[in-house]
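Lettering follows sequence order; numbering is per chain, from 1.
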Protein chains: 2
Amino acid sequence: MARTQGSHSDITGPKVRETALRLFAQHGYAAVSMRQIAREVGVQVGALYNYTPDKQALLFSLLKGHMDELLATWEAEPRPDGPRDRLEAFVRFHIRFNLDRPEAIFISYMELRNLAPENFAVIEAQRKVYEGALEAILRDGQAADAFSVPDTRLASYALIAMLTGVNTWYRAGGRLSIEEVADIYWDMVRKSVSAG
Amino acid sequence: MARTQGSHSDITGPKVRETALRLFAQHGYAAVSMRQIAREVGVQVGALYNYTPDKQALLFSLLKGHMDELLATWEAEPRPDGPRDRLEAFVRFHIRFNLDRPEAIFISYMELRNLAPENFAVIEAQRKVYEGALEAILRDGQAADAFSVPDTRLASYALIAMLTGVNTWYRAGGRLSIEEVADIYWDMVRKSVSAG
DNA sequence: CCTTGTTCTGAACGCATGTTCAGTTAATCT
DNA sequence: AGATTAACTGAACATGCGTTCAGAACAAGG
């Protein structure tokens, strides 16, 4: 046997990526085999290599695609005036974006160490750009006396961790909507950087 | 060849655990082989099985030991009066404890999914006990009007994530001491649960 | 010194891994 | 309809995996 009925790269290609994303998120990159991905896609393992040069490139491509989307979406967001509203926009964007694609978020935090060094450097640089946006907001707010944040670098780490943590417990269909969650987190963030 | 000079279980045993902890933290459980552990310990792979029935038990033993220590140490901590001081004690304890053993903390968050289901249940229950202590503090503080935290469950998740995130960036010998870091985090936590 | 028990080696087991490739079939183009 | 290209199969490759075990070398106790 060989090429199967209805087979097409426009279908199989995305399917490979979706399946890999799901399995990597579920079991971890190292614990997932190419054969396992192939089985769930519905092809033989050799066929996967029409869509990725190797397993490592598949992981990198998923992470890179995710980071590109993150940065592009953030760039396209409306940019309110004033540090307070800007911070609120960041908080709500981050929570919404994260909860909309939990698997991609998950592997982009968990599988960094499974990236080859040169791939890691690329993703890490993109993450720094994104997190730098938050720190810039804090710095501006501090300079304008809108916030009380002596160490903006550290505060940005603290807030990012807090916001990203939402993915560890939130499940769609729970008792809170994404908007309600964002409200509560924004309230805590707002107070944490206030003069208090 | 067989038993080597100076070999003793009091030496090799801990060495196996330390090495496994370090390698699991560095590369992930699934990516580390028993042969790799053996090589760094300085024995042949078969010798490892004098110290663990299998690889899974080694991971579980490390996580279990860590959680036992966490709970025992927290129980032994002084328990100040009043929600405010109690929260401060928790924050400072958590940061200090985490920064003192970054590798154990790291794998206890990253390798949960590599635990067999029955092992996972044990660790998860212990973690709930620990995180429950934070939520209890928040609940008491809310009841006593010391805090303004409408959703104590969610707030406990948010704070735990924020505090645990310190391990992702803190490196010993950096520009801030552990005490200084704890001061800054406590300031943010205090404000985030205040009436603001 | 000799025995007993501990600790380790070296080799093997069966199986899974990532990757390659010649050959085959389906889809597409002329 | 025939030729060409795209998509996939099935099998193979070398390597690595977790685990087991008989036997050898060491340490400890009498």
Listed once per pair and sorted, the salt bridge (charged side-chain N to carboxylate O under 4.0 Å, His left out) pairs that draw on residues 182-194 of chain A, sequence neighbours left out: Arg92(A)-Asp183(A), Asp187(A)-Arg190(A), Asp187(A)-Lys191(A)
Rounded distance (Å) that lies between atom P of dT20(C) and atom CG of Leu48(A): 13 Å
Please write out each protein N/O paired with an N/O of nucleotides 16-21 of chain D under 3.5 Å, distance rounded to 0.1 Å.
unit_1	atom_1	unit_2	atom_2	d
dC17(D)	OP1	Ser33(B)	OG	3.1
dG18(D)	OP1	Lys55(B)	NZ	3.1
dG18(D)	OP2	Met34(B)	N	2.8
dG18(D)	N7	Arg35(B)	NH1	2.7
dG18(D)	O6	Arg35(B)	NH2	2.9
dT19(D)	OP2	Tyr49(B)	OH	2.8
dT19(D)	OP2	Lys55(B)	N	2.9
dT19(D)	O5'	Tyr49(B)	OH	3.4
dT19(D)	O4	Arg35(B)	NH2	3.4

Contacts satisfying salt bridge (charged side-chain N to carboxylate O under 4.0 Å, His left out) that involve residues 141-152 of chain A (not counting sequence neighbours) are Asp151(A)-Arg175(B)
Atom CG of Asp10(B) and atom P of dT7(C): how far apart are they, to the nearest Å? 8 Å
Under-4.0 Å side-chain N/O to phosphate OP1/OP2 contact, Ser9(B) with dT6(C): no
Applying ring-ring contact (aromatic ring centres under 6.0 Å, His included), name anything that partners Phe24(A), two or more places apart in sequence or on another chain. Tyr29(A)
Kindly list each side-chain donor-acceptor pair under 3.5 angstrom involving residues 128-138 of chain A, sequence neighbours excluded, with atom names and distances?
unit_1	atom_1	unit_2	atom_2	d
Tyr130(A)	OH	His94(A)	ND1	2.6
Glu135(A)	OE1	Arg153(A)	NE	3.0
Glu135(A)	OE2	Thr152(A)	OG1	3.2

May I ask you to list the residues sharing a hydrophobic cluster with Met110(A), side-chain cutoff 4.5 Å, ordered by chain and number? Phe106(A), Phe106(B), Met110(B)
Excluding sequence neighbours, so at least two apart, what forms side-chain contact (heavy atoms from CB on, under 4.5 Å) with Asp100(A)? Arg96(A), Ile178(A)
For Glu18(A), is there an ion pair with Arg22(A) - N to carboxylate O distance below 4.0 angstrom? no
Would you tabulate the nitrogen or oxygen pairs shorter than 3.5 Å linking the protein to nucleotides 27-30 of chain D?
unit_1	atom_1	unit_2	atom_2	d
dA27(D)	OP1	Gly6(B)	N	3.1

Let me know the distance between CD of Gln44(B) and C1' of dA22(D), rounded to the nearest Å. 15 Å
Checking Thr4(B) side chain against Ser7(B) main chain: does a donor-acceptor pair fall under 3.5 Å? no
Any pair counted as side chain to side chain donor-acceptor pair (under 3.5 Å), so long as it reaches residues 58-82 of chain A, sequence neighbours left out: Arg17(A)-Ser61(A), Lys64(A)-Asp68(A), Asp68(A)-Gln126(A), Glu69(A)-Arg101(A)
What salt bridge (charged side-chain N to carboxylate O under 4.0 Å, His left out) pairs are there with at least one residue in residues 160-173 of chain A, not counting sequence neighbours? none
Expressed as a whole number of angstroms, how long is the span from Tyr51(B):OH to dT7(C):C1'? 6 Å
Residue-level proximity of residues 12-26 of chain B to DNA chain C when a heavy atom falls under 4.0 Å: Thr12(B)
Gap between atoms CG and P, on Asn50(B) and dG5(C) respectively (whole Å): 16 Å
Can you sort out the partners of Asn119(A) under side-chain contact (heavy atoms from CB on, under 4.5 Å), two or more places apart, ordered by chain and number? Gln56(A), Phe60(A), Leu115(A), Ala116(A)
Output the rounded distance in Å from CD1 (Ile11(B)) to C1' (dC26(D)). 13 Å
